[in-house]
Amino acid sequence: MSKKEAVRSVDIISQTEELADKILVNKQELTVMDKRRQHNREALRVIEKSEEPKVWITVGSMLVKMKREQAIQLLKKDQQQIELQINLIYSEQKILVNKHRDVEFKSPFSGTNLKPLDRKEFGALKANLPML
Amino acid sequence: MGETEKIEVRDITRIERIGAHSHIRGLGLDDVLEARAVSQGMVGQKDARRAAGVVVQMVREGKIAGRCILLAGEPSTGKTAIAVGMAQALGTETPFTSMSGSEIYSLEMSKTEALSQALRKSIGVRIKEETEIIEGEVVEIQIERPATGTGQKVGKVTLKTTEMETNYDLGNKIIECFMKEKIQAGDVITIDKASGKVNKLGRSFTRARDYDATGAQTRFVQCPEGELQKRKEVVHTVTLHEIDVINSRTHGFLALFSGDTGEIKQEVRDQINNKVLEWREEGKAEINPGVLFIDEVHMLDIECFSFLNRALESDMAPVVVMATNRGITRIRGTNYRSPHGIPIDLLDRMIIIRTVPYSEKEVKEILKIRCEEEDCIMHPDALTILTRIATDTSLRYAIQLITTANLVCRRRKATEVNTEDVKKVYSLFLDENRSSKILKEYQDDYMFSEINEHEEEVATAGGGGAKRRIDTGDGDAQPMEH
């Protein structure tokens, strides 16, 4: 293998490894985000069920005592943020995976640009074509 | 993230019956679409294979609709083999419908309906389904029934994955789903967030030793990884024909299996076309035109050809590949003769790929591949004799001799087929030439011998007013005229 080809192979390998690394990091991110989401959800349920006017809530690594309504507002806002983040990560993942396949000279996986069908439309199809 | 990667799993232990073209795995082209001499089950026929490779590229790009390709060549030159190779090369994603020309003559539906259905079966529509699901292993379930006996049940379930754990409060409806599926601690389940359906995937491996005996249907799966609430995206391909059938009958999918679709009205088809185009505009669907392969296309009649002329001009038309081995012969349904039995206006719209007869070396390679496929070990001398037989008689006859020689060899308790076996089978089974020669010699001894009657007819023709019987075998047996 000549020098140019060796350099090119190293180039391709480093690109794929970089992209693969980013993809795996994103996967971890998703897990962390989901953990936060679930904890928020549990907290919301507990606060909504309880009657106390003031509740203890963890913000970062501090324990803070707040009014019930404020705590609920805070948690809901946090949930929205997390949802946005997660959607962002999903779209990033799709782009990264396609780029990774592109660098490996594979075609991008089919259906990348499709928007999903409505639940009713897909439900109608699925009801009539049990193989779907 | 989701099941967006397509994983192909092939069952290696599946036993298939060996067919005439089961040894073909693809077209055997390299990256620049040049045909390798022996590759993926295809041998020789380089020009035709390169042309077929170009057609496969054309279909993959998907932007060209309604092209027609004709594979024409002498019998036993690999036309159907190339079509099978194309089907394999396109993969499982592109719809590939294969039919024979005579299949359209059915009592249940008219010829044009059969053709329309075949054309619509070759166009795929890609759609995507997206759901949020919660997938995890059940750690514990707590259900509280009200003491009064009538009232809402409440419950709590704790789910975990390898990296996190959380609990959910359950309402009455979903508790009933849980109880219906008989979910206990240690089961791996998925809950569809939108519809609330609960699905049991199996039992976790870590709980396999809980009981000494489990039911016969117990499946063990791994504990899920990553996040609990995932987004699942699945891409499906349906064909236009399937959508037609759903919309033309109330119990559409039963019709799909029984084949009893009847005639589908054109208005239904137009509505479907509009809907699919609408989805395409909104970005919800992609049209994936595939290939319709019509073998023995000279069996179609003039009405079908006229229909095809028009149908190929619609923008929802697949690529049609046809194959025939007829020369200049009568178009079915008329008395006119035309090349390949296809009217000239349709021939004008086609690109024609020629297949040529194989050389002796190529025949030897093909026989070697078939020997491997049919699990038969052959001595090189036996292979040489078989090649000679193939070039003298026909390739198909030699392929038939392979398995029969194998059986003869096994009967004498040997593993390798040698020349004696081949000679024995050659004498046992006649090929077409020898059979016709024997017929001509002993025609008087056979019942209803045609040649006999024909001579009588010629004798009485001099008397005038004799019926001229259309000899149907004549035009069809002609070899290719250059």
Side-chain angles (χ1 to χ4, degrees), chain A residues 23-24 26-46 48-49 79 82-83 86-87 89-98 100-101 105-132, chain B residues 1-2 4-6 31 60 93-94 125-132 134 136 156 159 161-169 192 194-195 225-231 233-239 242-243 245-247 249-257 275 279-280 282-286 288:
Chain A
I23 294 173
L24 290 173
N26 272 350
K27 265 179 101 159
Q28 279 298 94
E29 267 286 312
L30 277 175
T31 316
V32 168
M33 291 268 112
D34 196 44
K35 251 198 230 176
R36 274 177 57 188
R37 183 167 49 174
Q38 303 299 344
H39 285 175
N40 278 357
R41 186 187 49 81
E42 287 172 18
L44 258 177
R45 295 240 6 118
V46 171
E48 279 175 354
K49 274 202 262 194
Q79 284 286 65
I82 294 180
E83 293 284 331
I86 290 186
N87 282 334
I89 299 184
Y90 274 135
S91 17
E92 231 186 79
Q93 280 286 65
K94 274 196 254 195
I95 300 178
L96 280 176
V97 169
N98 271 333
H100 179 84
R101 283 175 75 108
F105 297 109
K106 281 196 263 198
S107 58
F109 60 83
S110 62
T112 15
N113 299 324
L114 285 177
K115 290 206 205 100
L117 282 183
D118 287 341
R119 271 177 29 80
K120 273 194 280 187
E121 288 169 343
F122 196 79
L125 274 177
K126 201 164 184 166
N128 284 302
L129 287 174
M131 285 127 10
L132 265 195
Chain B
M1 177 174 127
T4 42
E5 259 186 84
K6 196 161 173 257
D31 291 331
R60 279 215 193 109
E93 268 213 9
T94 318
V125 178
R126 260 199 291 260
I127 49 179
K128 187 195 275 198
E129 172 200 8
E130 192 179 77
T131 44
E132 296 256 349
I134 299 171
K156 224 173 153 71
L159 287 174
T161 67
T162 51
E163 295 169 36
M164 53 190 278
E165 180 175 317
T166 184
N167 49 39
Y168 287 90
D169 292 330
D192 185 353
S195 63
E225 301 181 326
E227 66 267 32
L228 260 176
Q229 185 170 332
K230 301 184 165 78
R231 184 181 301 178
E233 290 179 3
V234 186
V235 176
H236 301 280
T237 307
V238 275
T239 61
E242 289 172 354
I243 308 182
V245 166
I246 294 177
N247 282 293
R249 280 168 62 116
T250 40
H251 297 293
F253 73 90
L254 283 174
L256 259 179
F257 286 116
K275 190 73 187 168
W279 278 354
R280 187 171 68 176
E282 296 174 7
K284 287 192 197 166
E286 272 172 13
N288 185 17

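Fair warning: this is a prediction, and the values are worked out from it, not measured in the lab. Letters A, B, ... mirror the listed sequences (proteins, then strands); counts begin at 1.
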**Q** When you measure from the side chain of B:Q229 to the backbone of A:D34, do you find a donor-acceptor pair of N or O atoms at a distance under 3.5 Å?
**A** no
**Q** Rounded to the nearest 0.5 Å, what's the gap from CG on B:L228 to CD on A:Q38? Could you check?
**A** 5.5 Å
**Q** Does the cation-pi check pass for A:R41 over B:Y168, that is, NZ or CZ under 6.0 Å from the six-membered ring centre and within 45° of its axis?
**A** yes
**Q** Side-chain contact, heavy-atom cut-off 4.5 Å: B:E163 with A:Q28?
**A** yes
**Q** Looking at A:T31, A:V32, A:L114, A:N26, which makes the most heavy-atom pairs under 4.5 Å with chain B?
**A** A:L114
**Q** For the residue pair B:E129 and A:F122, what are the closest heavy atoms and their distance?
**A** CD-CE2, 3.3 Å
**Q** What part of A:E42 lies closer than 4.5 angstrom to a heavy atom of chain B: side chain, backbone, both or neither?
**A** side chain
**Q** Could you state the interatomic distance from CD (A:Q93) to CZ (B:R231), rounded to the nearest 0.5 Å?
**A** 11.5 Å
**Q** Going through the distances and angles, do A:L125 and B:E242 end up as a side chain to side chain contact (heavy atoms under 4.5 Å, CB included)?
**A** CA-CA 10 Å; A:L125 274 177; B:E242 289 172 354; over 6 Å; no
**Q** Shorter than 4.5 Å, heavy atoms on both sides: which option in B:K284, B:E282, B:E130 has the most such pairs with chain A?
**A** B:K284
**Q** Less than 4.0 angstrom from a charged side-chain N to a carboxylate O is my criterion; do B:E233 and A:K94 meet it?
**A** yes
**Q** Could you tell me which portion of B:N167 (side chain, backbone, both or neither) has an atom closer than 4.5 angstrom to a non-hydrogen atom of chain A?
**A** both
**Q** Heavy-atom pairs under 4.5 Å with chain B - which of A:M33, A:E121, A:R119 has more of them than the others?
**A** A:E121
**Q** Could you give the distance from CE (B:M164) to CZ (A:R37), rounded to the nearest 0.5 Å?
**A** 8.0 Å
**Q** Check A:Y90 against B:E227 and note the closest heavy-atom contact, atom names and distance.
**A** OH-OE2, 3.8 Å
